[in-house]
Colleague: 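Okay, handing you the structure first.
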Amino acid sequence: MALSAAIILAAGEGTRMRSNKPKVLHTLAGKTFLNRVMDSVSALDPETLAVVVHYQAERVAEAARSYNERVTIVNQDDIPGTGRAVQCAMTQLKEQGGLDGSVLIAASDMPLLDADTLNQLLAFHEQSGNGATVLTTILDDPTGYGRIIRDSEGNVLRIVEQKDANSSELAVHEVNTSVYVFDAKLLAEAIANLKSNNAQGEFYLTDALETAKANGAVGAFAAPDPLSVEGVNDRVQLAALAKAHNKRICEHWMRKGVTILDSETTWIEDDVRIERDAVILPGCFLEGQTVIGEGAQVGPYTTLISAVIDADAHVERSRVQETHIGRAANIGPWTYLRPGNDLGEESKAGAFVEMKKAHIGNGTKVPHLSYVGDADLGEHTNIGGGTITANYDGVHKHHTTIGSNVHVGAGNLFVAPVEVGSGVTTGAGSVVRHDVPDDSMVYSGKHTTCSRGLEARMGALNMPAVQDSIDAIRIAAAAADRMKATDLVAFDVTEPLAITDAMLVATASNERQVLAVAEEIEKDLYLKSGKRQPRSREGLTEGQWVLLDYGDFVIHVMHQESRDFYRLERLWKDCPSIDLQLEHPETSDEETAETAE
């Protein structure tokens, strides 16, 4: 039998909810009551789906249209009662065309009403040949529900509302769920002469069963799952129903191979999907269209809203919304991923990181205390702590692009729109306002393109300190030169030594000169380079050589014999040299001869 029409009753205020919002717009497991009931009824494919509204009618109607754009909205007048709601609906539906077949009527305050139960009800109605069929259930505590009163043969005599029931009727545990199926013609006849002679002064739809009984049999189908037809009248009932429903969802996923450490504190909405061997730790809220991949671990205390978490990823103590997190990525703790992000495989968004509309390449890490918005980051890039992509100019949002294998120093600011190429290194505190080409070094808010070498490479990492070091090497070289030291050379030894950046070597003609040159270098570096002092001094007693270790650079002053023995140039022959910028005035042959003595 075709389902000619489905009428959903959504006109009531729901005063016991104590809310400014209509009861049908309260939510359970992420969807409003009305949305859930409309989805279940729509699955039956009725020719017409009607929703009856009255309290905050436009608000409820707008919500209904957002759930199903083909819905018919029926406005109930000020005459109260479910019977009146159906009268208004039937009048409007008849004006739109004749009804021939079955009409389903359902209340909208049963958020767990499912399509399977409704299909069973329709099948029972058709097979039984009844003119009307009531969906019932049996409850341990039937308080608040209309009671099903049967005759000695089990036929439905009437439905008595709670406030109109006598003591014997109140003792009945079989209750009305406010879901009915009527033959269309019989329904039209049954609601034509409803009266309001009851305690509430309302037109009850249940009274229509008396008329229906006179013109055809009235049957009852008991829902196999009482939870599916449990109504909500107040927030206490809502909380209890939500908890019972969530327990079932958690049990479902645990039986599918998902580890849920504490189902009491884990809340999972209906449309969430979880693969086997995923682990959900306590305090998690999994909402919307969230998908969690095989072997992923979520939590503790994490909220996922329509997020996609790929296999083996970890998300800890974070809020993630409409974001894709790639395989084996690591998120959290205290990470906020707003809508529109796509994080690649083995990427990282660490503590106190916020992202919005960001694409993060494979292996790229944003470890902590950063904001990345409206940005594309390439692969295997590292973002230093305290970095911000300044994407908003007060009117428009702008985009930042950072290439692959980029090393961003701490406290950087990228002023969008800006593009940074691959292989770039930026120094701490850099403000990047202009595009940066590949393999460049950026410092002090400007960028420069340099060849490989200490001044460019190390200058990008911490330009003020490294420039001071290079200046210090030149100060030391000038002091040694003034003291008649010879063969002054400096090398960038970053690659072979790692712990030391530069080496200055000077030659003295005798042991006394070795000590004098070293002393002069120390004095000049102290006076001219910010009171810089060596971390250690070696070789002072021997006089054959002196080593002054300043941390980021080392100075060797050596007797010629020692220099020949150690052959330092051979050790550093593959290292880039540093221009010492020494200037010598022209000297006469006589002066040269005196120096040679």
Side-chain angles (χ1 to χ4, degrees), residues 8 10 14 17 19-43 51 59-60 62-69 71 106-117 225 227-232 234-254 256 258 260 262-275 278 280-293 296 298-309 315 318-325 336-340:
I8 297 175
M17 294 295 287
S19 175
N20 294 325
K21 179 166 57 179
K23 178 169 70 172
V24 300
L25 297 186
H26 283 262
T27 61
L28 184 146
K31 295 181 180 179
T32 66
F33 299 174
L34 180 59
N35 189 1
R36 300 178 73 93
V37 173
M38 285 182 65
D39 284 349
S40 297
V41 171
S42 296
V51 173
R59 183 178 181 181
V60 177
E62 182 180 358
R65 292 188 188 99
S66 72
Y67 308 145
N68 188 326
E69 61 183 12
V71 68
S108 57
D109 60 356
M110 293 180 291
L112 298 184
L113 183 64
D114 60 290
D116 186 56
T117 297
D225 178 11
L227 203 66
S228 69
V229 291
E230 187 168 333
V232 173
D234 58 33
R235 296 178 194 262
V236 175
Q237 292 177 336
L238 174 57
L241 188 61
K243 187 172 184 178
H245 177 60
N246 187 69
K247 181 180 179 182
R248 288 186 174 184
I249 293 178
C250 289
E251 290 175 352
H252 164 79
W253 289 116
M254 286 189 280
K256 292 284 188 178
V258 176
I260 298 177
D262 183 6
S263 60
E264 292 291 318
T265 62
T266 299
W267 291 82
I268 305 175
E269 293 184 356
D270 294 357
D271 295 334
V272 172
R273 295 293 175 264
I274 312 175
E275 298 295 330
I280 313 299
L281 299 179
C284 290
F285 292 79
L286 311 181
E287 303 175 7
Q289 307 290 325
T290 290
V291 178
I292 300 174
V298 175
Y301 308 109
T302 292
T303 298
L304 303 181
I305 305 171
S306 295
V308 177
I309 314 300
V315 184
S318 298
R319 179 182 174 91
V320 181
Q321 183 173 0
E322 297 171 23
T323 288
H324 169 243
I325 295 174
Y336 180 24
L337 301 182
R338 293 159 58 190

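Just so you know, these numbers use all the heavy atoms, side chains as well, and skip hydrogens, waters and symmetry mates. Starting from 1, each residue takes its place in the sequence as its number. Everything quoted here is computed from the prediction, not taken from an experiment.
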Colleague: In terms of relative ring orientation, are Phe285 and Trp267 parallel, tilted or perpendicular, with 30° and 60° separating the classes?
Modeller: parallel

Colleague: Below 4.5 Å, heavy atoms only, C-beta onward: do Val24 and Ile8 meet side chain to side chain?
Modeller: no

Colleague: So with a 6.0 Å cut-off around CD of Glu62, is the heavy-atom count from everything else above 12?
Modeller: no

Colleague: If we only count heavy atoms from C-beta on, is the Arg235 to Met17 side-chain gap below 4.5 Å?
Modeller: yes

Colleague: Excluding sequence neighbours, so at least two apart, what forms salt bridge (charged side-chain N to carboxylate O under 4.0 Å, His left out) with Arg65?
Modeller: Glu58

Colleague: Measure across Ser263 and Asn246 and return the closest heavy-atom pair with its distance rounded to 0.1 Å.
Modeller: O-ND2, 3.8 Å

Colleague: Can you find a heavy atom in the side chain of Leu113 that is under 4.5 Å from one in the side chain of Arg36?
Modeller: no

Colleague: May I have the step-by-step check of side-chain contact (heavy atoms from CB on, under 4.5 Å) for Leu337 and Ile325, ending in yes or no?
Modeller: CA-CA 10 Å; Leu337 301 182; Ile325 295 174; 4.1 Å; yes

Colleague: Quick one: pull up CG in Leu241 and CG in Leu28 and give me the separation to the nearest 0.5 Å.
Modeller: 5.5 Å

Colleague: Which value, rounded to the nearest 0.5 Å, describes the distance between Lys243 atom NZ and Leu238 atom CG?
Modeller: 13.5 Å

Colleague: If you round to the nearest 0.5 Å, how far is CD1 of Ile274 from OG1 of Thr290?
Modeller: 9.0 Å

Colleague: Testing the basics here: between Val320 and Ala307, what is the closest heavy-atom pair and its distance to 0.1 Å?
Modeller: CG1-CB, 3.8 Å

Colleague: With Thr265, which residues qualify under side chain to side chain donor-acceptor pair (under 3.5 Å), at least two apart?
Modeller: Asp262

Colleague: So for atom OH, which belongs to Tyr301, do other residues, nucleotides or ligands contribute more than 12 heavy atoms lying within a distance under 6.0 Å?
Modeller: no

Colleague: Restricting to salt bridge (charged side-chain N to carboxylate O under 4.0 Å, His left out), what partner residues turn up for Asp225, sequence neighbours left out?
Modeller: Arg248

Colleague: On a heavy-atom basis, which atom in Lys23 and which in Gly14 lie closest, and how many Å separate them?
Modeller: CB-CA, 3.9 Å

Colleague: Just grab all the salt bridge (charged side-chain N to carboxylate O under 4.0 Å, His left out) pairs involving residues 24-35, residues at least two apart or on different chains.
Modeller: Lys31-Asp39, Lys31-Asp271

Colleague: Do His26 and Asp109 come close enough that some side-chain heavy atom pair is under 4.5 Å?
Modeller: no

Colleague: What are the two closest heavy atoms between Met110 and Gly231, and how far apart are they?
Modeller: CG-CA, 4.0 Å

Colleague: So which atom in Ala10 and which in Leu34 form the shortest heavy-atom distance, rounded to 0.1 Å?
Modeller: CB-CD1, 4.2 Å

Colleague: Which residues pass the side chain to side chain donor-acceptor pair (under 3.5 Å) test with Ser42, sequence neighbours left out?
Modeller: Asn68

Colleague: I want to check something: taking the side chain as every heavy atom from C-beta on, are Ile260 and Ile268 in contact at a cut-off of under 4.5 Å?
Modeller: yes

Colleague: Which pair of heavy atoms, one from Thr266 and one from Cys250, lies closest together, and at what distance?
Modeller: O-SG, 3.6 Å

Colleague: Compare all side-chain heavy atoms of Trp253 with those of Ile280 and state whether any distance is below 4.5 angstrom.
Modeller: no

Colleague: Not counting sequence neighbours, which residues clear side chain to side chain donor-acceptor pair (under 3.5 Å) with Thr117? List them please.
Modeller: Asp114

Colleague: Do the side chains of Val258 and Ile292 get nearer than 4.5 Å, heavy atoms only?
Modeller: no

Colleague: Would you mind checking if Lys256 and Glu275 are paired as a salt bridge, meaning a charged N to carboxylate O distance below 4.0 Å?
Modeller: no

Colleague: Donor-acceptor pair, distance only, cut-off 3.5 Å: does the side chain of Ser306 make one with the backbone of Gln321?
Modeller: no

Colleague: Whether the side chain of Ser19 engages the backbone of Lys21 through a donor-acceptor N/O pair (distance < 3.5 Å, no angle test) should be reported.
Modeller: yes

Colleague: For the pair Thr302 (side chain) and Cys284 (backbone), establish whether a donor and an acceptor sit closer than 3.5 Å, ignoring hydrogens and angles.
Modeller: no

Colleague: Report yes if the side chains of Glu269 and Gln289 come closer than 4.5 Å at any heavy-atom pair, otherwise no.
Modeller: no

